[in-house]
Protein chains: 2
Amino acid sequence: MKFEAITIKDIARALNLSVSTVSKALRGSHEISEETKKAVMAYAREHNYKPNPIAQSLKRGRSKSIGIIVCNIDNNFFSQAINGIESVARQKDYNVIITQSQESYEREMANSEHLSSRSVDGLIISLSAETKKVDHLIKLHQKGLPMVFFDRVTDEIATHKVIANNYKGAYEATRHLLQQGFRRIAQITSSNSLSITFERLEGYKKALEDAGLKPDSKYIKFVQHGGMIPEETRQALTELLQLKNRPDAIFTASDRLSTTTLSLLRKMQIAVPQEVALVGFTNSISADIFHPSLTSVVQPALEMGQQATELLIQLIEAKRPVTEFKKCILDTELKIRDSSLRTT
Amino acid sequence: MKFEAITIKDIARALNLSVSTVSKALRGSHEISEETKKAVMAYAREHNYKPNPIAQSLKRGRSKSIGIIVCNIDNNFFSQAINGIESVARQKDYNVIITQSQESYEREMANSEHLSSRSVDGLIISLSAETKKVDHLIKLHQKGLPMVFFDRVTDEIATHKVIANNYKGAYEATRHLLQQGFRRIAQITSSNSLSITFERLEGYKKALEDAGLKPDSKYIKFVQHGGMIPEETRQALTELLQLKNRPDAIFTASDRLSTTTLSLLRKMQIAVPQEVALVGFTNSISADIFHPSLTSVVQPALEMGQQATELLIQLIEAKRPVTEFKKCILDTELKIRDSSLRTT
DNA sequence: CGCCCTGCCGCAAACGTTTTCGTAAAAAAA
DNA sequence: TTTTTTTACGAAAACGTTTGCGGCAGGGCG
């Protein structure tokens, strides 16, 4: 059905040359006379010859494609990150193959397995919320598959990592709430198996301690699927609001959690920030038109994607095994808006 | 560097069989005795044999991957659509390769060229705002590359198309504004070369005419890059607001345009809906927490992506050339919120 | 004049499959 | 028993490349 593309063989036949000569000519080998090269090049251009990348992949053992595993692409942070990944990959002539784990451990395993058997040259991964063991990735890594983690990383695999400065981001967000005079600051965060959860929790705790407050576990709610399931978030929020000492501010530690929480608060008719103030991690470009406009910790998602991709391609194209690994920590930006401002 | 995977050859050697026997056994051919099949299967499973997809692609002439071209993935509508595309593709064992045109004609050409030379089995495309000629796609289509258009389609290529009912969506949005009593209804829309622009414009005009009003071109502003460049939107909005008979309502005809316009109106301190009402196409999941909450025409993005993918895979796997093409038109949903409600 | 060197090119193997065809042995039919 | 059919497998070509090696000229050298 598909129109047969022109191959090296066709060129060889047309020019009365051997296949190998044509191949070498196209690659500019010194074994071939200038004259012949010219002729071959000319013919190739004229007939719009494109080398078959599949054949090349088979021969070279590299596919010039990289696999991505994220929990969900329909998320501001990840779609921005993928935007960055795609642009760098394209520029270096790599294809980007996207998969989604939907926060499921099973699907993450299946996707990593599938991508590696599909012979991608490398992997860029942000772990799923359900993932507690990374044996599936360790196995692939040991087999020599280059991988770079971003956002949700693991300590169990020695390779490049790209993360936002979650600790500092959370610290600043919490400190901001404290400076505004809030004292009972709760946190709604993702699964406690995630690196980002830990880091954001630590930053939050440190800020409280620096202000002479003791973190209280009653005020910390883990949402196992990071906001993908609204009901889980509602549950966490409701529990917080029913506490004797109801929090006067909430820090939501991920993108989906932030928007969902704000939405729920509005449905519950709870005034923000009057009754409860809110600060959240989010990369929504619309945070300034929320009601109230949402004070946000914004991650440099695009840059994170770009960096991760550059590091991965370095790994892939390294002549000798790489043993020094970077952990890139990019600063977040705290955008102060109405949702966190003390009104009284 | 990469650990060599086990191949059919290895199995053959280990079991004292020929390569062809193993291949047939793995595919369950009737030519092979049950006994041998069992042995091969067992060995394969035990050693975690995975067929090399690149070799298979080369042999079969199909890559089991589909290419996507959208203007930008960092956009609610498209990320939701890609979510749908990915899920269906995954289920049918196709890979999804993503590219972004960034609304550039040049990049769309380069991407389509690149994807086809990368031998994807098919293409799912939403045209870029700059695209006026589709010769580059016609060429590929004539060569036999299956393609499905979605969202922004063209009449010049006979193939499946999946779109939202833009006409009806725009009609309903405009009618809603009319019912609320607004009379000077402006539209800010995308490049006038896009199908969606035309359809949404027609629905808008029809609604006006049905209400006995004459569409006025002063009230219609085209934004060439569909909101990717905020300054263009600002320009359009400013011009509208400076008109003698300033519009009392605006209908924004795309996702980015809607959020950007609302954001600009807030920055300009123009009260919505008191001074200007607003209805927009948007798939933002946060439209209900905007200030004011935004009356939206919501497209079934996920379903559109799924449908487009199913149709494409049908085309790819069709035994005989397909000559009957579908144009799937999926209904939008008008979510009425505060931004369009008459207050006086 | 014989030698080697260099320039230019082709042969053939290889990457990992799939598939067509051939063929031996075993089973069935004569 | 011989002939035919069936069963089960292997040899080899093919997909489109890349690459090591060998060969054949012609030219420079001794």
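As a basis for the values below, the full set of heavy atoms in this structure was taken, side chains included, without hydrogen atoms, waters or symmetry mates. Each chain gets a letter, A, B and so on, in the order its sequence line appears, and its residues count up from 1. Values in this document were obtained by computation on a predicted structure and should not be read as measured data.
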For [X] and [N], what is the distance between atoms [atom1] and [atom2] respectively, to the nearest whole Å?
X	N	atom1	atom2	answer
B:Ile8	C:dA14	CD1	P	17 Å
B:Glu35	C:dA26	CD	P	14 Å
B:Asp10	C:dG16	CG	P	8 Å
B:Leu58	D:dT18	CG	P	12 Å
B:Glu34	D:dA8	CD	C1'	12 Å
B:Ile32	C:dT18	CD1	C1'	13 Å
A:Arg118	C:dG16	CZ	P	17 Å
B:Leu26	C:dG16	CG	C1'	12 Å

Could you tell me which non-hydrogen atom of A:Asn72 sits nearest to which non-hydrogen atom of A:Phe78, and how far apart they are?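 Looking at all heavy atoms of both residues, the closest pair is O-CB, 3.5 Å.
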Under 4.0 Å, heavy atoms only, any strand: does [X] hit a base, just the sugar-phosphate, or nothing?
X	result
A:Ser20	base
B:Leu17	sugar-phosphate
A:Thr21	base

Flag the pair B:His160 / B:Phe150 as yes when their ring centroid distance falls below 6.0 Å, and as no otherwise.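 They do not qualify: ring centres at least 6.0 Å apart.
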Phosphate-side-chain proximity, [X] and [N], N/O vs OP1/OP2 below 4.0 Å:
X	N	result
B:Thr36	D:dC9	yes
A:Ser23	D:dT19	no
B:Gln56	C:dT18	yes
A:Lys9	D:dC15	yes
B:Arg27	C:dT17	no
A:Lys37	C:dC8	no
A:Arg60	D:dT17	no
B:Arg62	D:dC15	no
A:Tyr49	D:dT17	yes

Mark yes when over 12 heavy atoms from residues, nucleotides or ligands other than A:Lys326 sit less than 6.0 Å from its NZ; otherwise mark no.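 Open: at most 12 neighbouring heavy atoms sit under 6.0 Å from NZ of A:Lys326.
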Sole candidate of B:Glu130, B:Glu103, B:Gln102 that passes side-chain hydrogen bond (donor to acceptor under 3.5 Å, both in side chains) when paired with B:His225: B:Glu130
Side-chain donor or acceptor of B:Ser18 under 3.5 Å from a matching atom on the base of D:dC9? no
What I want to check is whether an N or O donor and acceptor connect the side chain of A:Lys24 with the base of C:dG10 at under 3.5 Å. yes
Determine, for A:Lys38 against A:Glu35, whether the closest basic-nitrogen to carboxylate-oxygen distance falls under 4.0 angstrom. no
Residue closer to the 5' end of DNA chain D, B:Lys59 versus B:Glu31 (nearest nucleotide):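 Its nearest nucleotide being more 5', the pick is B:Glu31.
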Verify side-chain contact (heavy atoms from CB on, under 4.5 Å) between A:Asp151 and A:Ile163, making sure each step is shown before the conclusion. CA-CA 5 Å; A:Asp151 184 47; A:Ile163 60 174; 5.8 Å; no
